[in-house]
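What follows is one structure encoded as structure tokens, with my remarks underneath.
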There are 2 protein chains.
Amino acid sequence: MISQTEENYLKALWNIISNKGEASVNELSKQLEIKMPTVNSMMKRLAEKGLVIYESYKPLKLTDKGKKQAALIIRKHRLTEMYLVEKMGFGWEEVHDIAEQIEHIQSPAFFEKMDELLGFPKVDPHGSPIPDKTGKIEAEQYIRYIKLSDCREGDTVTFMAVSHSSDDLLKFLNSRELSLGSKIKVRSIEPFDDSMTVSYGGRKAEMLSNKVCDKLLVRPA
Amino acid sequence: MISQTEENYLKALWNIISNKGEASVNELSKQLEIKMPTVNSMMKRLAEKGLVIYESYKPLKLTDKGKKQAALIIRKHRLTEMYLVEKMGFGWEEVHDIAEQIEHIQSPAFFEKMDELLGFPKVDPHGSPIPDKTGKIEAEQYIRYIKLSDCREGDTVTFMAVSHSSDDLLKFLNSRELSLGSKIKVRSIEPFDDSMTVSYGGRKAEMLSNKVCDKLLVRPA
DNA sequence: GTAATATGTTAGATTGGTCTAACAAAATTA
DNA sequence: TAATTTTGTTAGACCAATCTAACATATTAC
Ligand SMILES: [Mn+2]
Ligand SMILES: [Mn+2]
Ligand SMILES: [Mn+2]
Ligand SMILES: [Mn+2]
């Protein structure tokens with residue numbers, strides 16, 4: 001009914017909308033690395049199918065049906081990432097590309113089994129929430145984490161999620177042994193470049209650039 | 001480089017060739033439920049790509065490159081089936097359709113990991129051999145099993161594989177608690193319909209139709 | 001408020017993967 | 001061997017998914 005290609009468009013739309021509030025043809029085009037005219041006609045097709053609300057020159061929206069479909073693909077993606085890390089021994093920096101493919105597998109039983117074997121996890125290995133079977137994200141998880149870069153000297157916080165997880169960032173965090181759940185204390189902030197010196201786990205004075213701190217989502221103690 | 005669609009053609013070709021010695025456009029067409037003209041043009045494409053040897057009105061062949069590619073897809077299929085049964089708790093009758101999709105995942109690391117977690121299995125849950133990483137099937141596994149239907153009264157054999165495993169057959173075998181590795185003794189053969197009365201495991205006198213016996217591959221004791 | 005730039009749309013081409021209809025060759029049957 | 005049936009091929013259509021080129025509208029800068 002809905003193709004792999006269409007699923008990828010839906011998912012990208014969902015991601016943009018939940019980060020920035022609304023989506024444009026231009027952004028989608030950049031995100032997917034597909035030219036604007038192609039995106040434009042795909043939006044019309046998805047509108048035909050009742051998944052997207054398309055009006056010329058207006059921001060793109062998802063219908064409720066579209067939101068649900070998208071969330072269910074995200075669910076499959078995140079369950080897969082969790083499974084790969086927890087049950088197969090992959091590192092959190094290795095799983096995205098595999099999940100990008102497995103999210104399109106058509107087999108409710110397969111993902112049911114994953115969910116079960118994992119004990120019905122609420123978040124993926126990068127701290128992002130896993131939508132439930134109806135496409136909803138539990139209220140508790142709407143809690144808006146704050147960026148580490150928005151913290152002040154002396155703050156103590158818990159590292160909860162990575163906002164835009166690139167391979168390079170994840171490998172950097174691996175190298176500093178900074179993982180989800182770590183309690184981080186902000187020792188000092190360098191006024192010149194906003195870099196932070198923090199302590200956590202065994203590490204007593206790690207320096208993190210502002211670019212890094214901007215990607216780390218934390219919960220105040 | 002090679003699409004999911006092309007992979008399915010290659011695999012079907014490989015299966016037909018290894019069962020019947022050679023393949024025709026007609027057989028491929030039936031197997032894949034795709035009309036002959038479509039198959040015909042796909043064969044030309046795969047010939048272009050050096051995977052198939054195509055000559056008008058002659059039987060279809062795979063090149064060495066084609067054989068290897070096909071075997072590597074079969075490898076992914078069978079490793080997946082084994083993983084689903086051994087590590088995720090699926091029944092042997094549930095895994096084929098999922099494997100049919102997962103076999104197309106592009107990620108050497110993913111299948112490496114499966115192989116490793118499974119302890120480098122040599123056969124899939126239906127007793128079919130798993131090609132190695134170079135696409136070869138180990139010599140030992142070339143052993144030609146015989147059909148249970150070719151056995152005689154009094155023979156004792158080990159159930160090694162299912163030849164054409166349909167859902168219905170596998171469910172039937174489940175219901176009779178007849179699984180791979182069972183030692184089967186042929187008690188009697190009914191001359192009228194060639195049905196067999198056999199004993200194995202806890203069961204002392206199970207009646208198996210000729211249609212069933214024809215699908216069970218066994219190794220003489 | 002006009003000019004320049006960025007964003008969005010339309011038109012038309014291309015490729016992959018499928019089909020049906022018509023024709024051709026090979027195999028089977030009479 | 002001739003007729004019939006089965007198998008294989010060619011031609012031409014269609015839809016999904018992509019592109020480039022050209023044009024239209026909105027936004028931003030001056
Ligand atoms: Mn991901
Ligand atoms: Mn994807
Ligand atoms: Mn199978
Ligand atoms: Mn397949």
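A/F120 pairs by the side-chain contact (heavy atoms from CB on, under 4.5 Å) definition with A/D115, A/E116, not counting sequence neighbours. When the side-chain contact (heavy atoms from CB on, under 4.5 Å) test is applied to A/I2, the partners found at least two apart in sequence or on another chain are A/E6, A/E7, A/L10, A/L51, A/Q69. Applying the side-chain contact (heavy atoms from CB on, under 4.5 Å) test to A/D132 and every residue at least two apart in sequence or in another chain returns A/T134, A/K136. Judged as a side chain to side chain donor-acceptor pair (under 3.5 Å), and not counting sequence neighbours, B/W14 has no contacts. Every residue meeting the side chain to side chain donor-acceptor pair (under 3.5 Å) condition with A/K11, not counting sequence neighbours, appears here in chain and number order: A/E100, A/E103. Checked against side chain to side chain donor-acceptor pair (under 3.5 Å), A/K147 has the following partners two or more places apart in sequence or in another chain: A/D214. Partners of B/D193 according to the side chain to side chain donor-acceptor pair (under 3.5 Å) rule, which considers only residues two or more places apart in sequence or in another chain, are B/S195.
Contacts between residues 16-37 of chain A and DNA chain C, defined by a heavy-atom separation under 4.0 Å, are made by A/S24, A/V25, A/N26, A/M36, A/P37. If you check residues 3-10 of chain A against DNA chain D, the residues with a heavy atom closer than 4.0 Å are A/S3, A/T5, A/Y9, listed by number. Near DNA chain C, meaning a heavy atom under 4.0 Å away, the residues from residues 49-61 of chain A are A/Y54, A/S56, A/Y57.
Within the structure, every pair that satisfies the ring pair (Phe, Tyr, Trp, His ring centres under 6.0 Å) test and touches residues 75-109 of chain B, not counting sequence neighbours, is listed here: B/H77-B/H96.
Remark: C1' of D/dA16 and CG of A/L46 are 12 Å apart, rounded to the nearest angstrom. With rounding to whole Å, A/N40 atom CG is found 15 Å from D/dA21 atom C1'.
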When the side chains of residues 23-37 of chain B are checked against the rest of the protein, which donor-acceptor pairs come out under 3.5 Å, sequence neighbours left out?
{"residue": "B/S24", "atom": "OG", "partner": "B/E27", "partner atom": "N", "Å": "3.1"}
{"residue": "B/S24", "atom": "OG", "partner": "B/E27", "partner atom": "OE1", "Å": "3.2"}
{"residue": "B/N26", "atom": "OD1", "partner": "B/K30", "partner atom": "NZ", "Å": "2.9"}
{"residue": "B/E27", "atom": "OE1", "partner": "B/S24", "partner atom": "N", "Å": "3.1"}
{"residue": "B/E27", "atom": "OE2", "partner": "B/K20", "partner atom": "NZ", "Å": "3.2"}
{"residue": "B/S29", "atom": "OG", "partner": "B/I34", "partner atom": "O", "Å": "2.6"}

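A salt bridge links A/K67 to A/D64: one of the charged nitrogens lies within less than 4.0 Å of a carboxylate oxygen.
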